[in-house]
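The structure appears below as structure tokens.
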Amino acid sequence: MAGTKTKKKAADKEAGIDRFSPDQLRHFLREMLLYRRFEEKAEEAYAIGKIGGFCHLHIGQEAVALGFIGPLRKDDYVISAYREHTQALAKGVEPNIVMAELFGREGGSSGGKGGSMHIFNADQGFMGGHGIVGAQVALASGMAWAIKYRGGDQVCVCFMGDAAVNQGAFHEALNMSAIWKLPVIYVVENNHYGMGTAFSRVSAVPVVDRAKGYGIPAHSVNGQDILETWAFAEDLVEEVRGGAGPQYVDAQTYRFKGHSMSDPVSGTYRSKEEVQEKTERDDPIRLLRDRMYDAEMLDEEELKEMDAEARKLVDEAAEFADASPLPDPSELYTHVYAEENPHGRLYFDGRERPGQEA
Amino acid sequence: MAGTKTKKKAADKEAGIDRFSPDQLRHFLREMLLYRRFEEKAEEAYAIGKIGGFCHLHIGQEAVALGFIGPLRKDDYVISAYREHTQALAKGVEPNIVMAELFGREGGSSGGKGGSMHIFNADQGFMGGHGIVGAQVALASGMAWAIKYRGGDQVCVCFMGDAAVNQGAFHEALNMSAIWKLPVIYVVENNHYGMGTAFSRVSAVPVVDRAKGYGIPAHSVNGQDILETWAFAEDLVEEVRGGAGPQYVDAQTYRFKGHSMSDPVSGTYRSKEEVQEKTERDDPIRLLRDRMYDAEMLDEEELKEMDAEARKLVDEAAEFADASPLPDPSELYTHVYAEENPHGRLYFDGRERPGQEA
Amino acid sequence: MQTITYREALNQALAEEMERDPDVFLMGEEVAEYDGAYKVSKGLLDRFGEKRIVDSPISELGFAGLGVGAAMVGLRPVIEFMTFNFSILALDQVLNSAAKMLYMSGGQIPMPIVFRGPTGAALQLSAQHSQACEVWYVHAPGIKVVTPGTPADAKGLLKAAIRDPDPVVVMEGELLYNVKGEVPDVEDGDFVIPLGKADLKREGGDVSIITHGKMIHTALQAAAKLEKEGIQADVLDLRSLRPLDVDAILETVRKTNRAVYLEEGWPYAGVGAQIVSIIQEEAFDHLDAPVIRVTQADVPMPYAKNLEQLAKPGVDRVISACNRVLYRN
Amino acid sequence: MQTITYREALNQALAEEMERDPDVFLMGEEVAEYDGAYKVSKGLLDRFGEKRIVDSPISELGFAGLGVGAAMVGLRPVIEFMTFNFSILALDQVLNSAAKMLYMSGGQIPMPIVFRGPTGAALQLSAQHSQACEVWYVHAPGIKVVTPGTPADAKGLLKAAIRDPDPVVVMEGELLYNVKGEVPDVEDGDFVIPLGKADLKREGGDVSIITHGKMIHTALQAAAKLEKEGIQADVLDLRSLRPLDVDAILETVRKTNRAVYLEEGWPYAGVGAQIVSIIQEEAFDHLDAPVIRVTQADVPMPYAKNLEQLAKPGVDRVISACNRVLYRN
Ligand SMILES: Cc1ncc(C[n+]2csc(CCOP(=O)(O)OP(=O)(O)O)c2C)c(N)n1
Ligand SMILES: Cc1ncc(C[n+]2csc(CCOP(=O)(O)OP(=O)(O)O)c2C)c(N)n1
Ligand SMILES: [Mg+2]
Ligand SMILES: [Mg+2]
């Protein structure tokens with residue numbers, strides 16, 4: 001039954017390192033190192049108050065971002081929740097403007113107005129950055145609707161956390177994507193916890209089964225293994241591009257850090273031991289590194305260079321961000337509306353604004 | 001897999017007329033006749049303007065109401081949507097006060113404040129009468145939660161239309177009932193249409209499959225056959241009372257009339273022929289009558305008497321309703337709040353009200 | 001000039017804009033095969049096909065979100081709520097996605113979407129189906145709200161809303177759909193009413209009755225009765241709540257020095273409260289009396305005919321409010 | 001008297017009411033194992049067990065509805081929204097089920113439920129996480145709304161809310177949880193503050209600063225600065241928005257003849273608009289100047305530190321509003 005098949009496609013490619021060229025593999029490593037160092041830099045910057053508000057790090061989940069976004073075209077769409085820095089990078093958004101957005105600066109992807117939870121870059125097809133759990137799932141159906149409406153062959157990839165499957169928006173959106181056969185891939189970044197709540201406490205069935213009621217093919221993939229994830233996603237994206245309709249993926253992964261900067265890495269909800277075991281055993285970067293070592297496609301020297309490169313890029317990003325000025329105060333009232341109709345008042349705070357009566 | 005078993009239990013009882021005593025069968029007939037005549041009377045009253053607003057008739061679906069509510073105890077809860085007149089009757093609410101509510105009179109179950117869509121009778125455990133599609137599904141989980149919280153052995157039966165399964169509230173409520181194993185039976189009155197929309201146009205899978213994602217047992221039953229429905233429901237209610245947890249039932253039925261009084265019985269969305277075939281072949285009252293005829297448990301005389309009885313009851317109900325006065329104008333401001341705290345203003349319309357400064 | 005119903009006017013507006021712009025589509029419950037619960041989209045399925053006239057599941061949050069997503073990539077969705085009562089389920093997507101998208105994205109993602117449908121009470125639909133929902137929307141920056149009360153305004157404002165680059169909530173009225181009125185002929189070309197312009201529906205001078213939406217008809221009836229008593233009332237129809245034609249409000253108040261705000265909804269933090277606040281702040285010295293508001297009774301809408309009548313703001317209440325601000329009897 | 005934080009005060013209120021009444025339970029996201037996202041329910045799981053302190057899925061509409069259903073049959077749920085920003089998803093169950101249940105049932109089904117959590121902005125949480133949500137709730141009859149600004153008010157009002165037979169929305173503030181203040185000792189017995197009583201947080205006489213929720217602290221700072229300039233301000237904390245202590249509002253205005261309303265939220269149809277409307281109607285002849293409102297900038301909340309600072313209503317804006325109504329400089 002199509003609605004519930006969990007073909008482990010990628011499994012066939014278990015040792016499928018040979019599917020990828022040495023250059024590709026090095027690219028994977030470079031990318032994931034960049035994501036990792038970027039988030040570590042963000043962590044640093046947050047600690048010294050350069051970044052404020054909520055900041056959700058993606059450390060540990062890099063392979064899911066790279067695996068599902070890497071195979072996409074520039075004109076494909078990606079949309080996500082608030083844990084989206086690395087996904088933006090994966091979709092080709094400049095590290096500089098992402099970091100500047102985290103810093104809340106004029107040079108940021110949203111000019112400093114969005115912040116960590118709202119990274120957008122329309123040119124690269126990165127459509128945010130959304131803070132209401134589950135909301136982006138319906139937005140993704142809408143973008144996929146538009147693709148089909150225009151007869152295009154793009155694909156929309158929508159990331160969500162495991163806890164998002166309990167939102168009504170998830171239910172309504174998946175059903176609509178199913179009845180209208182929309183070109184969208186729903187990727188649940190299943191890190192097994194929503195903040196401090198284990199998924200098993202808020203669902204009677206595993207993540208992969210939560211799409212059974214819609215007639216949407218469901219899949220599971222090891223989201224810590226970039227080779228498996230990429231191979232699986234690359235094929236799936238082409239299927240969807242070819243008209244296979246909506247897909248649902250349980251990408252099993254793990255959050256190495258706390259939910260957000262203010263939350264503990266471990267606590268009552270998950271033990272130190274669990275976190276330690278996971279971070280040691282399932283680090284996507286280390287896993288790739290070791291497989292490349294085994295295949296003698298990488299030596300320590302090269303790795304060091306790659307890492308230095310990544311660190312250099314994020315240092316530059318931080319410098320760029322730091323050098324970028326705060327938004328001009330006049331920006332407070334820009335982008336509220338795209339058009340201020342010639343007639344009538346739009347703002348009721350009675351404040352002075354450039355070009356409007358108080 | 002518990003989540004998706006569709007045991008056709010009742011099927012074993014296909015010809016299970018022997019499960020029921022002659023008195024029981026006569027009771028079934030009497031009840032369904034009452035429901036049918038009641039709705040016909042409502043239709044009449046609506047035509048001459050005694051009933052206003054929206055009025056959704058249950059004609060054709062009587063066996064679902066009787067089958068699932070009949071086996072309940074008085075202290076069990078029933079909750080429904082806006083097509084609930086007959087369900088109220090089935091739960092023991094006086095025809096007189098239901099009709100008076102439709103008439104918008106003081107003697108109505110809600111004193112005339114609720115109307116057709118909001119029949120309530122707490123004493124009989126009939127908990128409404130709700131107008132927002134899907135909302136009652138979450139309320140049902142709450143009542144079931146309360147039962148479990150208090151360690152009681154009651155059961156909550158929640159009726160909804162097929163279109164309600166597409167609401168987020170349905171999704172969130174079923175998931176919570178599953179994880180907390182609440183004593184609730186969700187009965188989808190699957191009449192195959194939501195207003196003018198065939199279910200097959202708004203769902204990629206059949207009604208019974210829509211609960212597959214929650215780990216809740218799903219069942220199908222022929223809702224036009226009171227014997228099958230009652231037998232099935234009677235067993236299921238006891239299972240749930242015994243701790244079996246939430247259940248989901250696709251009760252297949254058919255709406256013989258238009259969606260509401262203002263809507264056509266047939267039209268672009270369903271053909272005259274379809275309606276004619278269904279009403280002739282699947283009338284729950286005629287089906288029971290014929291089986292009782294076959295079993296020689298009923299003759300035309302008796303049926304005539306029963307029907308006369310039913311008509312008498314609904315005529316009395318209409319007379320009662322008609323004789324009941326309109327609510328006193330002072331009722332406008334009662335039951336907005338249960339308690340007007342000694343301090344402060346609660347109403348801001350600047351109008352004169354008994355016992356409050358304007 | 002053609003004399004058509006409010007329903008037909010909306011239908012023309014939709015058809016003309018869909019002809020004009022292939023990116024415009026209509027989605028909602030029963031809009032296609034059923035011609036719309038209130039027949040506003042009659043015939044559009046045949047004319048534009050199921051790709052552009054789309055029946056949705058009963059999933060308000062979902063299809064509102066789908067519309068927002070489609071607008072994110074440049075389509076111009078018209079999302080119909082069967083009634084705005086049900087739009088409360090979709091409010092998150094309107095307030096948190098549509099209204100904030102342009103801002104959160106630093107101007108990258110415009111949001112050209114229309115949410116439309118009837119708001120307010122009809123007849124005996126009881127508490128859950130009789131709500132005036134203006135406040136939920138107009139309170140939030142990033143949204144525009146219009147409330148046409150006549151066929152001409154319905155056509156002109158809906159067309160403007162569909163062309164507007166921002167999210168526009170178009171609030172109609174179930175009891176307005178059959179109202180007839182003059183509307184410029186289609187041949188006379190594109191008839192668009194800019195957002196943000198109020199319309200003085202009646203010229204008086206003694207007192208200003210300011211209102212919006214279907215209440216303009218109640219206001220005009222009250223004004224007609226007042227005339228018999230020798231009182232000439234201005235009836236100002238705001239038409240657009242955001243942008244708001246403050247100049248027109250101040251002009252009538254400065255002329256009459258007395259104002260009444262009439263609205264269908266509840267009083268607490270209602271639209272009228274905002275208008276009163278603006279008037280007392282910006283025309284303080286022109287007021288000879290406090291501005292009085294006439295609203296629905298501050299209760300859920302009851303079903304019983306007599307109670308519903310009492311609950312609704314009626315002509316008599318408008319008249320006595322006018323008398324109060326005129327210090328008569 | 002004990003000096004405790006606002007957070008501890010809420011925690012005490014919950015614990016005391018749960019001790020007193022076995023029908024009271026707390027449900028929400030992260031309230032149990034995690035002690036609450038903001039630690040308001042710290043220790044309650046250990047004390048009352050998982051039957052009464054319940055972690056919910058992220059299903060606001062669902063668990064709000066579940067709470068309403070539980071209240072329909074007599075339990076007294078306390079439903080925590082992690083923040084009220086997310087409660088927009090649940091608004092239908094609050095407005096259409098909770099607020100109307102008693103009315104639609106003709107008095108048969110009381111609705112003793114509390115919805116609580118932080119509202120308004122914290123620090124740099126950006127547009128979707130920084131909304132003051134009072135208006136969505138206070139607009140609708142059938143609901144009561146309280147907005148405690150101090151630890152004592154938090155404890156006294158939450159206890160009253162839990163005992164109230166009607167739906168009460170208790171709006172807290174993320175930036176208030178660490179605020180310390182004096183609260184009567186538990187030994188001194190049951191400390192309950194009746195709904196509907198405002199509190200004059202500061203006695204002045206020259207001008208009235210009327211406000212609610214966390215803004216009282218901004219108002220008090222402004223009053224302190226004004227004092228240096230020789231101006232004595234009344235600071236009236238409404239505490240309860242519905243029921244509303246109109247007498248207290250009129251009293252301070254009749255005394256000072258000048259008023260400023262300060263609130264955290266947006267202006268259009270804000271709480272302040274309602275208060276202004278009441279004042280101008282019921283104290284018209286006492287006003288020497290229009291009532292001025294100080295609100296958040298009428299924009300979605302920006303992330304950047306400087307823009308957020310500009311967007312929020314600050315002490316300086318309150319002071320200049322006071323100067324305006326006093327016609328100073
Ligand atoms: C509708 C809504 N409710 C609550 C929150 C607060 N919140 C932010 S993240 C989060 C947990 C989400 O967990 P999950 O979906 O698994 O994503 P993860 O953080 O694990 O990546 C919660 C409850 C929110 N942002 N939106
Ligand atoms: C949330 C919501 N959306 C729309 C409506 C309008 N409406 C009332 S009944 C109905 C169709 C429901 O169909 P179904 O659930 O199958 O129940 P049936 O009428 O067939 O018994 C609709 C769309 C509503 N009441 N609530
Ligand atoms: Mg997670
Ligand atoms: Mg149906």
Side-chain angles (χ1 to χ4, degrees), chain C residues 60-61 85-86 88-92 94-97 99-104 126-128 131 134-136 138-142 241-242 244 261 265-285 287 289-293 296-303, chain D residues 60-61 85-86 88-92 94-97 99-104 126-128 131 134-136 138-142 241-242 244 261 265-285 287 289-293 296-303:
Chain C
E60 282 79 5
L61 181 64
N85 296 288
F86 316 133
I88 301 298
L89 286 160
L91 203 55
D92 174 69
V94 180
L95 296 181
N96 280 318
S97 296
K100 300 182 171 71
M101 196 69 69
L102 186 70
Y103 203 79
M104 296 191 300
S126 201
Q128 294 181 324
Q131 300 172 88
E134 290 89 320
V135 164
W136 315 133
V138 77
H139 181 55
L241 300 182
R242 191 171 196 147
L244 180 71
Y261 197 85
W266 291 310
Y268 200 123
V271 172
Q274 177 63 31
I275 306 304
V276 168
S277 178
I278 289 171
I279 293 173
Q280 70 90 42
E281 181 174 345
E282 300 177 41
F284 188 70
D285 298 331
L287 284 177
V291 186
I292 303 292
R293 294 192 281 152
Q296 180 190 319
D298 205 1
V299 303
M301 187 64 81
Y303 167 75
Chain D
E60 282 79 5
L61 181 63
N85 296 287
F86 316 132
I88 302 298
L89 287 159
L91 203 56
D92 173 69
V94 180
L95 296 181
N96 280 318
S97 296
K100 301 182 170 72
M101 196 68 68
L102 186 70
Y103 204 78
M104 296 190 301
S126 202
Q128 295 181 323
Q131 300 173 90
E134 290 88 320
V135 164
W136 315 131
V138 78
H139 182 54
L241 300 181
R242 191 172 194 145
L244 180 69
Y261 197 86
W266 291 310
Y268 201 122
V271 173
Q274 177 63 32
I275 305 305
V276 168
S277 179
I278 289 172
I279 292 172
Q280 71 90 43
E281 181 174 345
E282 300 178 41
F284 188 70
D285 299 330
L287 284 177
V291 185
I292 302 293
R293 295 192 281 152
Q296 180 189 321
D298 206 1
V299 303
M301 187 64 81
Y303 167 74

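A note on names: the letters A, B, ... follow the listed sequences, proteins ahead of strands, and every chain is numbered from 1. Keep in mind it's a predicted model, so treat the numbers as computed, not measured.
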Among [options], single out the residue with the greatest number of heavy-atom pairs under 4.5 Å to chain D.
options	answer
C:Asn85, C:Ile292, C:Leu241	C:Leu241
C:Leu91, C:Asp92, C:Leu89, C:Asn96	C:Asn96
C:His139, C:Gln274, C:Arg293	C:His139
C:Ala99, C:Pro302, C:Ser97, C:Ser126	C:Pro302
C:Ile275, C:Ile278, C:Leu95	C:Leu95

Chain C interface, residue from D:Gly142, D:Gly272, D:Gly270 that has the most non-hydrogen pairs under 4.5 Å: D:Gly270
Checking heavy atoms, do the side chain of [X], its backbone, both or neither come under 4.5 Å from chain C?
X	answer
D:Glu134	neither
D:Leu287	both
D:Ala90	neither
D:Asp285	neither
D:Ala297	neither
D:Leu61	side chain

For a 4.5 angstrom cut-off between non-hydrogen side-chain atoms, does D:Phe284 reach C:Gln280? no
Is any side-chain heavy atom of C:Val135 less than 4.5 Å from a side-chain heavy atom of D:Tyr268? no
Mind checking ring-ring contact (aromatic ring centres under 6.0 Å, His included) for D:Tyr103 and listing every partner two or more places apart, or none if nothing turns up? none
Nearest heavy-atom approach of D:Pro300 to C:Pro141 is N-CG, 4.0 Å
Nearest atoms (heavy-atom pairs only) where C:Val291 meets D:Glu281: O-OE1, 4.3 Å
With sequence neighbours left out, write down each residue that passes side chain to side chain donor-acceptor pair (under 3.5 Å) with D:Asp298, or none if nothing qualifies. C:Arg242
Go through it in stages, so that I can follow the logic: the residues are C:Met104 and D:Gln128, the test is side chain to side chain contact (heavy atoms under 4.5 Å, CB included), and I'd like the CA-CA distance, side-chain angles, deciding distance and then a yes or no. CA-CA 9 Å; C:Met104 296 191 300; D:Gln128 295 181 323; 3.7 Å; yes
